[in-house]
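Remarks on the structure that follows.
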Number of protein chains: 2
Amino acid sequence: MSPKSMDRRVKYTIMMIKKSFISILKEKPIAKITIKQICEEADINRATFYAHFKDQYDLLQQIEDGFLEDIKLHLASIAYSATERESVSALERIIGYIKENAEVCSLLLSDRGNLDFHKRIMMIAQTQFIAELKQKKELSAEDAEYIFLFITVGSVGITQKWIVDGMKRPAVEIAQMIFTLTEKVLL
Amino acid sequence: MSPKSMDRRVKYTIMMIKKSFISILKEKPIAKITIKQICEEADINRATFYAHFKDQYDLLQQIEDGFLEDIKLHLASIAYSATERESVSALERIIGYIKENAEVCSLLLSDRGNLDFHKRIMMIAQTQFIAELKQKKELSAEDAEYIFLFITVGSVGITQKWIVDGMKRPAVEIAQMIFTLTEKVLL
DNA sequence: AAGTTATCAAACAATGTGTTCATTATTTCA
DNA sequence: TGAAATAATGAACACATTGTTTGATAACTT
């Protein structure tokens, strides 16, 4: 279902529903949001909602998926990075993209979204970077997983704090910080 | 409201409700759990539920709070630890306690519970440990916060994975791993 | 044993859910 | 452009959950 091949009506409907949902999500946790409310705010029939989404959670999931799709595209243009400069740059790109879409991101990455989404974003940037280091160092598969997890989740934590604090620092700085901490752990 | 001062009936009611809730939480996410279902499984009147809890989320919150209370007690017996051995031991204690109460913990710390709860547990063990290192190193307050966050959230990630993997490794090993990674970051 | 307090069953209006169906509006493409 | 295809709509529906209130009953405390 690429947005290109969609009927214009469908595009409009989905756009309005997502917009409405995001707007409501700013005010209350997802558990308190009703389908009815989403539809009223979007001025979309409730039956139409059910034609596209199962419930609020399915809707959130789809928003997140679309987001990751975008991020992947942003990264696709970057060649596989072997040097530090390139790694940091990849991280910076992602973090910069997050800043551009601050409104939605700060929602999805705040307490509102779910932790899995955080992880997925960070893993995109680091997976290949970590893969190399698995080889370089002589780590058991399981140990490597634990360390990988430590780094990934920690990085997510940092990004989240940065967002909550209003994204005042430049993205490069955060990217550099994550990279440095990662290196230390892998020393 | 310490459990000591409670009417026996109240103790019983709350016990049954929590038990029922935990049991249901194994099968479905909290959002899909209804008050009615909790009460039926607990054989408690619905009106009685509302006398004690606002909703499922309030109930979960209270379960988590009780849990943290327990953990704090477990730690209270440990003197302020300055050496590595003592720090690791403190971590091991917590992780060991988690293992003892595996059933509930694996729920609260899995995707089911919320991230804040993870953080709160780990912070208990590390707060004072980190405090020292803020002084030793010359870090700006903000930088220290970011690094602290990286470590805390990363540690939570490791513990979570350990639980999900069935807690096969001994608790000391995980404690040692967290300590080592923490030290590396702070190097 | 008497007084206090928690739980209970039953009932209630209010609200949301998920689905169906005929009707209307928009889009697609031949 | 005009016909066929498709999507959105409004209304209605049975059903479930919610949160609250009532007076009666049972258990606890002192």
Side-chain angles (χ1 to χ4, degrees), chain A residues 1-66 107 112 114, chain B residues 1-66 69 107 112-114:
Chain A
M1 291 276 187
S2 67
K4 239 182 186 176
S5 65
M6 271 186 194
D7 191 313
R8 287 176 189 174
R9 288 167 295 183
V10 176
K11 278 195 258 183
Y12 174 82
T13 297
I14 289 181
M15 211 186 76
M16 292 305 284
I17 287 178
K18 286 184 177 175
K19 197 174 161 188
S20 152
F21 175 68
I22 292 288
S23 142
I24 299 172
L25 198 55
K26 282 177 202 158
E27 286 156 18
K28 51 171 82 171
I30 188 169
K32 303 283 175 200
I33 299 177
T34 67
I35 314 292
K36 197 189 175 206
Q37 193 188 359
I38 298 172
C39 293
E40 272 170 5
E41 178 124 353
D43 195 27
I44 295 292
N45 193 279
R46 211 153 46 79
T48 308
F49 179 96
Y50 287 111
H52 296 290
F53 308 99
K54 202 171 151 285
D55 51 29
Q56 315 104 290
Y57 303 94
D58 181 43
L59 171 54
L60 178 61
Q61 177 82 44
Q62 290 198 32
I63 291 176
E64 288 178 353
D65 287 350
L107 267 181
R112 291 313 214 280
N114 55 46
Chain B
M1 293 273 186
S2 65
K4 238 182 185 176
S5 66
M6 269 187 195
D7 190 314
R8 288 177 189 171
R9 290 167 295 183
V10 177
K11 276 196 260 182
Y12 174 82
T13 298
I14 290 182
M15 210 186 76
M16 292 305 283
I17 288 178
K18 286 184 177 175
K19 197 173 161 188
S20 153
F21 176 67
I22 292 289
S23 142
I24 299 172
L25 198 56
K26 283 178 202 158
E27 286 155 19
K28 53 173 80 169
I30 188 169
K32 302 284 176 198
I33 299 178
T34 66
I35 314 292
K36 198 191 174 203
Q37 193 187 0
I38 297 172
C39 294
E40 273 170 4
E41 179 122 352
D43 196 26
I44 294 292
N45 193 279
R46 213 151 46 79
T48 308
F49 178 96
Y50 287 110
H52 297 290
F53 308 99
K54 203 170 149 284
D55 52 29
Q56 316 103 290
Y57 304 94
D58 181 42
L59 171 54
L60 178 60
Q61 177 84 43
Q62 291 198 30
I63 291 176
E64 288 178 353
D65 287 350
E69 215 49 49
L107 268 180
R112 293 317 216 271
N114 56 46

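The sequence lines fix the lettering, A, B, ..., with proteins before strands; numbering per chain opens at 1.
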A:Ile35 CD1 to D:dA16 P, in whole Å, measures 19 Å
Q) Hey, does the side chain of A:His52 come within less than 4.0 Å of D:dA7's phosphate (OP1/OP2), counting only N and O? A) no
Rounded to whole Å, NZ of B:Lys11 lies from P of C:dA6 at a distance of 14 Å
Result for 5'-nearest mapping on DNA chain C, choosing between B:Arg46 and B:Ile14, is B:Ile14
Ranking D:dA7, C:dA6, D:dT20 by distance to the side chain of B:Val10, first place goes to C:dA6
Assert: residue with more 5' nearest nucleotide on DNA chain D, out of A:Arg9 and A:Asp43, is A:Arg9
Whole-Å distance, A:Glu40 CD to D:dT9 C1', equals 15 Å
Review point. Between C:dA9 and B:Asn45, is there an OP1 or OP2 to side-chain N/O distance shorter than 4.0 Å?
Key: yes
Among D:dA7, D:dT20, D:dT9, the one nearest any side-chain atom of A:Ile44 is D:dT9
#### Entry: N or O in side chain of B:Thr48 less than 4.0 angstrom from C:dA6 OP1/OP2
no
5'-most contact on DNA chain D (nearest-nucleotide basis), B:Ala47 vs B:Lys36, goes to B:Lys36
Smallest heavy-atom separation, A:Ile33 atom then A:Gln56 atom, equals O-NE2, 2.7 Å
